[in-house]
There are 4 protein chains.
Amino acid sequence: MRKELRIERKNKLLQAAAEVFAEKGYAGASISDVAARAGMGKGTVYGYFPSKEDLFFDVFFWYALQLMTDIHLNFFNGRLSVREACLRFTSELVERMIESIKMYPLTLEFWSAAASGGLRDRLKQAMSRMYCDYRNLIGSMIQQGIETDEFLPETDVEGLSAGIMGAIDALGLQFWMDPDFDIRGAAEQTMAAILNGISVHPETGDKG
Amino acid sequence: MRKELRIERKNKLLQAAAEVFAEKGYAGASISDVAARAGMGKGTVYGYFPSKEDLFFDVFFWYALQLMTDIHLNFFNGRLSVREACLRFTSELVERMIESIKMYPLTLEFWSAAASGGLRDRLKQAMSRMYCDYRNLIGSMIQQGIETDEFLPETDVEGLSAGIMGAIDALGLQFWMDPDFDIRGAAEQTMAAILNGISVHPETGDKG
Amino acid sequence: MRKELRIERKNKLLQAAAEVFAEKGYAGASISDVAARAGMGKGTVYGYFPSKEDLFFDVFFWYALQLMTDIHLNFFNGRLSVREACLRFTSELVERMIESIKMYPLTLEFWSAAASGGLRDRLKQAMSRMYCDYRNLIGSMIQQGIETDEFLPETDVEGLSAGIMGAIDALGLQFWMDPDFDIRGAAEQTMAAILNGISVHPETGDKG
Amino acid sequence: MRKELRIERKNKLLQAAAEVFAEKGYAGASISDVAARAGMGKGTVYGYFPSKEDLFFDVFFWYALQLMTDIHLNFFNGRLSVREACLRFTSELVERMIESIKMYPLTLEFWSAAASGGLRDRLKQAMSRMYCDYRNLIGSMIQQGIETDEFLPETDVEGLSAGIMGAIDALGLQFWMDPDFDIRGAAEQTMAAILNGISVHPETGDKG
DNA sequence: TATGAATGAGGGTTCATTCAT
DNA sequence: TATGAATGAACCCTCATTCAT
């Protein structure tokens, strides 16, 4: 069927574009680069995406969806205490970051593109929503912890979700800048502190 | 020519460049734009900076120095408990972010430029160092807390510093994306949770 | 794309470039000028030549090859005494110069470019070789004259070839500077003197 | 006296300009380069020459005058046979070329500038006159040879002068291109052939 | 539909020239 | 008068986009 081939080629282009944008940045990447990486002709790209900007925008959604799907697929299939679930979740995010640290620059490009240029508004809004989704993911877990009396009732779900999400995100940045940075340890310790801070019965610090 | 005048003009250019780069991004900003913003001729810029890249790089240091100086000037002049000092410090950072949120895109540009392009290595290294400095700032406070028995002795100073620094940073990002985001609350709550988590005598959650 | 069309357009560009460089000089000619002269867009030029320097370099070879080909085609097809062959040859060169005197400035540009700038070494070497080829052309004729006992056996083939080649070349320069300059006469007389000077049986001066 | 200082500085500028133009070519040389080489400020140049073009034009005359003066000073002070005088003269020219081969590119720049650009007409005319002067120098010697019955009466003075002058000139070019080129031998042999060719009593070829 | 040659707008950079000191 | 900072015109080159094949 025609449709399938078209979708396949579109995905190939998105993958190629994601890689090239990650390596060279949005401005530094040319449509030629992307087409070549995808093994197609330059003009063909325009049969799938109306402009470089649109391609980049679509890469954002394609990439964000991949991440989210991975997380859902890999994570929500166990029965754990809320505390453990939180740790599992953040640790999952961190592992994903480590795996795909080569693609981290792509995220930086998204942010940069959300700050200026023709995609600014569209991208800013989309990223804002994406961040919300992640915050809500964490938020719902914290909320659950409150409801099960694991966490203190006065806990500020929204604020803390944002803080946790932000910490994980920014640890990725630091890991990207310095591969020697102990991202696993930092994430674990930060989460442990936070969870202790909001737990009704904090764990003892000694990990043995 | 008077040395002062040269310095004055150089600063004017740095200021103008910072603004233009923040508004249009590195790629979208032209030297003409910067020169016009500074009220000078295009060629004049090249009397102060050898290239657009160098200008951008210098803007980074100039901007980073400003931030650091501000923080040092505004912060280190009181006698507080370590816990309060930490809160004061992060709150200070947050206020600074709110004040200069218009310039937040500049930071995104720095990151993006550290990811690819001719400045990559130089910038990546410089940003890594800058992050280290900030982490050490927080780290030294936590260390002090441990030594004064305010914080648990088993606290992982390095990891937590990174987590705190990252959280604050990323909260800025969320605030920039969404001006309605309660960055002050999120920062405060996150810090409160963390500090509680590592405190020998956690505060009660009720703030009244 | 058809190979022929590409070659055709490349030749059109070389022709246009040769003309523009001849008229405005290398530094004074812009790629825009060349493109316009060839009836193409500015960017198209870069599809055929990677840079202005390379274009100029290729023009040199293209032009030199044209000259050499013309000479071979037009000259080597008769049975003449060596003396007459020499005269025919130089006269041929002179006629060619007169015909294409409008392009003489191009040669001056080649020399100038061989003296400084990014093409210096490449061009200097290439021109040196080209001069050698021409000298050898004349040299082989003189050598033949020696072998047929038309010319004195002690004749210095190398030195004389260079002298003859140089004289013809420089007469072109004088003709270019002053269109009233009798280049045919000067070439003929100079050659006559030289050939007489090395002939075993010099001709009488009166040509009637 | 003021006037002398001014003249001194002007000469220093001319010397510096000649060197820089020889090294970098007209287009490649900047006024800054010249000023720096002369140990002056950039603006000062404009106190002596109204424009870069004028400076270059003046360099031409200054340089041409130097050459001509040298030749007059060094040459016209002996009593020789016309034949010997001719050989002395050309050998003198050749020695001068060898001495100052480093400056040969300057001549190429003059030619190139005479071919196009704002100086074209002025320079072309000036160079044409200069060539005439040299031709007349040789021409007067040949004429003298005719009058003293050393040379054949039917000799074409004008044409031959041009040929000789051109040959010497072009041998310089070949020597510049290839330092291994035996310019002395080539000049000597070429002149010997020519002089034999027009002599009433040609010398025997064997030089012993 | 796939291709890549053609296009020209756009921008970083150089440098001759001016002018305030 | 000497200086060099300031200026902006000019140009090489890139690359997103179009379109004929």
Side-chain angles (χ1 to χ4, degrees), chain A residues 2 5-6 9 26-36 38-56 118, chain B residues 1-2 5-6 9-10 27-36 38-55 118, chain C residues 1-2 5-6 9-10 27-36 38-55 118, chain D residues 2 5-6 9 26-36 38-56 118:
Chain A
R2 284 290 138 171
L5 181 63
R6 191 174 165 79
R9 291 174 74 91
Y26 176 72
S30 74
I31 293 291
S32 276
D33 292 331
V34 174
M40 301 180 199
K42 193 178 10 164
T44 308
V45 178
Y46 287 85
Y48 293 85
F49 305 93
S51 73
K52 190 187 180 186
E53 278 194 351
D54 286 280
L55 169 59
F56 189 64
Chain B
M1 188 202 211
R2 270 169 41 237
L5 183 59
R6 189 173 168 80
R9 291 176 76 92
K10 186 162 190 171
S30 75
I31 293 290
S32 276
D33 292 332
V34 174
M40 302 179 197
K42 185 171 31 157
T44 307
V45 178
Y46 288 87
Y48 292 85
F49 305 93
S51 73
K52 192 188 180 186
E53 277 195 352
D54 285 279
L55 170 58
Chain C
M1 186 201 213
R2 272 171 37 240
L5 183 59
R6 188 172 168 82
R9 292 176 74 92
K10 186 162 189 170
S30 75
I31 293 290
S32 277
D33 292 332
V34 174
M40 302 179 196
K42 190 180 17 165
T44 308
V45 178
Y46 288 88
Y48 291 86
F49 305 94
S51 72
K52 191 188 179 186
E53 277 194 352
D54 286 279
L55 169 58
Chain D
R2 284 290 138 169
L5 180 63
R6 191 173 167 80
R9 290 174 76 91
Y26 176 72
S30 74
I31 293 290
S32 276
D33 291 331
V34 173
M40 301 179 199
K42 191 176 17 160
T44 308
V45 178
Y46 287 85
Y48 292 86
F49 305 94
S51 75
K52 191 187 180 187
E53 279 194 349
D54 285 280
L55 169 60
F56 189 63

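Naming convention: chains lettered A, B, ... in sequence-line order (proteins, then strands); numbering from 1 in each chain. Treat the numbers as computed from the prediction; the structure is a model and nothing was measured.
- Spacing between atom CG of B:L5 and atom P of F:dT3 amounts to 21 Å, rounded to whole angstrom units.
- Across all strands, D:Y48 comes closer than 4.0 Å only to sugar-phosphate atoms, never to a base (heavy-atom distances).
- D:A36 comes within contact range of no nucleotide atom at all, as no heavy-atom separation falls under 4.0 Å.
- Atom CD1 of D:I31 and atom C1' of F:dA2 are 16 Å apart (whole Å).
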N/O donor to acceptor pairs below 3.5 angstrom from side-chain atoms of residues 40-49 of chain D, sequence neighbours left out:
residue: D:T44; atom: OG1; partner: D:G41; partner atom: O; Å: 3.4
residue: D:Y48; atom: OH; partner: D:R9; partner atom: NE; Å: 3.3

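- Each of C:S32 and A:Y26 was assigned the nucleotide of DNA chain F with the nearest heavy atom; the assignment lying further toward the 5' end belongs to C:S32.
- In this structure, D:A27 reaches neither bases nor backbone, as no heavy-atom distance under 4.0 Å exists between it and the strands shown.
- Remark: DNA chain E forms stems of 3 or more consecutive Watson-Crick or G-U wobble pairs, all pair distances under 3.5 Å, at E:2-21 with F:2-21.
- We find that CD of C:E53 is positioned 11 Å from P of F:dC12, with the value rounded to whole Å.
- C:D54 has its CG atom 13 Å from the C1' atom of F:dC13, to the nearest Å.
- Close to E:dA2, at under 4.0 Å from its OP1 or OP2, lies a side-chain N or O of A:R9.
- Atom NZ of D:K52 is separated from atom P of F:dA9 by 19 Å (rounded to the nearest Å).
- Within residues 38-47 of chain B, the residues that place at least one heavy atom under 4.0 Å from DNA chain F are, in residue-number order, B:M40, B:G41, B:K42, B:G43, B:T44.
- The distance between atom NZ of B:K10 and atom P of F:dA5, rounded to the nearest whole Å, is 13 Å.
- The distance from atom CG of A:D33 to atom P of F:dT14 is 13 Å, rounded to the nearest whole Å.
- Taking every heavy atom of both residues into account, B:S51 and B:D54 meet most closely at OG-OD2, 2.7 Å.
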